[in-house]
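Some notes on the structure that comes next.
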Amino acid sequence: MDKSEVNDLITLARWMSGDFSNYKQASASPKDYAHIHVFFRPLPFDFFSGIGLYSEQVYDYDLWTPYRQGVHRLVSQGDRIYIENFSLKNAMFFAGSGRDLSILRTITPDVIERRYNCSMVFKRNGSMFTGSVEGTQCLIEKHGCQTYLDSYVEVTETTWLSLDKGLDVNTHQQVWGSTTGPLKFEKRESFANEVPNISNSIS
């Protein structure tokens, strides 16, 4: 990696690291949007020998019961950054890791499984990173239907915008996900200072 690639990798990780809330969106349109928190918490350098994040999404009224959890490894690929996605075995054992470092430290590499074909591919566009899921093979079964994930994300230093949809593998019609537009989050607390500095480890 050259210096600019390292800088972009670290910048994306720092911008992603935080407690995000869509409180304003949910308050303005409560019929369309629930109040949700998205936590991205940096993992120690030695977890991936690089930059990794733990994530969880929770409803504001039930902060200890995430409805989505994951582990993510950031990998530079030239002018793009791949975020490899992993699921957690017994995920609820680690609920609250986004807010409690003592729980986060109990996550080890042997409790995660790679979600193949589900990486997100990010590219920097000035003061924003935009990302989308690779291909159409990130398969998720919902409502008795086999779907593939269609995901789009925009990240700035203080905001996170995401739109996830599940499309039928045969008809390509939407089966699940938002029909009213993307979720718009604002960063309430930053965890950027916890992102490992990988500059010295890159030759």
Side-chain angles (χ1 to χ4, degrees), residues 9-27 30 33-75 81-115 118-120 122 129 131 140 149 151 153-164 178 182-201:
L9 189 71
I10 294 173
T11 298
L12 177 57
R14 290 175 61 88
W15 287 3
M16 287 178 65
S17 298
D19 167 6
F20 295 85
S21 165
N22 72 330
Y23 172 78
K24 288 184 180 178
Q25 182 183 47
S27 298
Y33 300 99
H35 182 194
I36 296 168
H37 293 265
V38 178
F39 295 91
F40 284 99
R41 200 87 196 220
L43 293 163
F45 174 85
D46 57 4
F47 192 96
F48 284 123
S49 295
I51 294 180
L53 301 170
Y54 164 83
S55 72
E56 61 184 24
Q57 297 186 24
V58 297
Y59 294 112
D60 181 70
Y61 63 81
D62 194 6
L63 291 175
W64 287 100
T65 311
Y67 65 86
R68 185 180 299 171
Q69 294 166 265
V71 168
H72 318 277
R73 177 174 177 246
L74 280 67
V75 181
I81 297 169
Y82 276 67
I83 298 185
E84 298 173 352
N85 289 316
F86 299 78
S87 59
L88 286 150
K89 307 170 191 174
N90 301 311
M92 287 307 296
F93 288 172
F94 309 105
S97 292
R99 292 177 292 120
D100 189 330
L101 286 175
S102 66
I103 304 174
L104 184 78
R105 296 292 184 256
T106 67
I107 301 175
T108 54
D110 62 324
V111 303
I112 65 173
E113 293 179 312
R114 177 78 184 275
R115 294 181 62 211
C118 295
S119 294
M120 294 289 290
F122 281 83
F129 288 90
I140 300 170
L149 176 65
S151 182
V153 174
E154 293 179 359
V155 187
T156 73
E157 190 170 5
T158 58
T159 63
W160 171 276
L161 177 149
S162 65
L163 180 60
D164 290 345
S178 174
L183 293 169
K184 298 178 180 179
F185 298 90
E186 296 183 0
K187 188 179 285 186
R188 300 171 68 248
E189 181 181 359
S190 174
F191 306 134
N193 63 325
E194 298 172 16
V195 174
N197 182 359
I198 62 170
S199 302
N200 297 330
S201 64

query = Listed by chain and number, what are the salt bridge (charged side-chain N to carboxylate O under 4.0 Å, His left out) partners of R73, not counting sequence neighbours?
reply =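 Listed in chain order: E84.
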message = Using the ring centroid of each side chain, check whether F86 and F48 are separated by less than 6.0 Å.
response =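 They qualify: ring centres under 6.0 Å apart.
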S27 side chain to K24 backbone, donor-acceptor under 3.5 Å =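 No; judged by distance alone, with no hydrogens or angles, the pair does not exist.
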[atom2] on [Y] to [atom1] on [X], rounded to 0.5 Å:
X: I198; Y: I10; atom1: CD1; atom2: CD1; value: 5.0 Å
X: N22; Y: K184; atom1: CG; atom2: NZ; value: 11.0 Å
X: S17; Y: F39; atom1: OG; atom2: CZ; value: 13.0 Å
X: W64; Y: D100; atom1: CH2; atom2: CG; value: 5.5 Å
X: F191; Y: R99; atom1: CZ; atom2: CZ; value: 9.5 Å
X: Q69; Y: Y54; atom1: CD; atom2: OH; value: 4.0 Å

With heavy-atom distances below 4.5 Å as the criterion, would you say the side chains of [X] and [Y] are in contact?
X: L53; Y: I83; result: no
X: I140; Y: R115; result: yes
X: S55; Y: V38; result: no
X: V58; Y: Y67; result: no
X: P42; Y: I51; result: no
X: F129; Y: M16; result: no

task = Could you check whether the rings of H37 and H35 sit parallel, tilted or perpendicular, using 30° and 60° as the cut-offs?
result =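 Judged by the thresholds at 30° and 60°, the geometry between H37 and H35 is tilted.
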task = On the 0 to 90° scale, with breaks at 30° and 60°, tag the F40-F20 ring pair as parallel, tilted or perpendicular.
result =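 F40 and F20: perpendicular rings.
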ask   = What's the verdict on side-chain contact (heavy atoms from CB on, under 4.5 Å) for N85 and M120, showing C-alpha distance, side-chain angles and the deciding distance?
value = CA-CA 8 Å; N85 289 316; M120 294 289 290; 4.0 Å; yes
Output side-chain donor-acceptor pairs under 3.5 Å for residues 88-98, partner residues at least two apart or in another chain, one line each.
{"residue": "K89", "atom": "NZ", "partner": "D110", "partner atom": "O", "Å": "3.1"}
{"residue": "S97", "atom": "OG", "partner": "F94", "partner atom": "O", "Å": "2.7"}

query = Step by step, would you call L74 with F122 a side-chain contact (heavy atoms from CB on, under 4.5 Å)?
reply = CA-CA 10 Å; L74 280 67; F122 281 83; over 6 Å; no
task = Using the salt bridge (Lys or Arg N to Asp or Glu O under 4.0 Å) rule, collect all pairs that involve residues 39-62, keeping only residues at least two apart or in two chains.
result =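 For residues 39-62: R41-E194.
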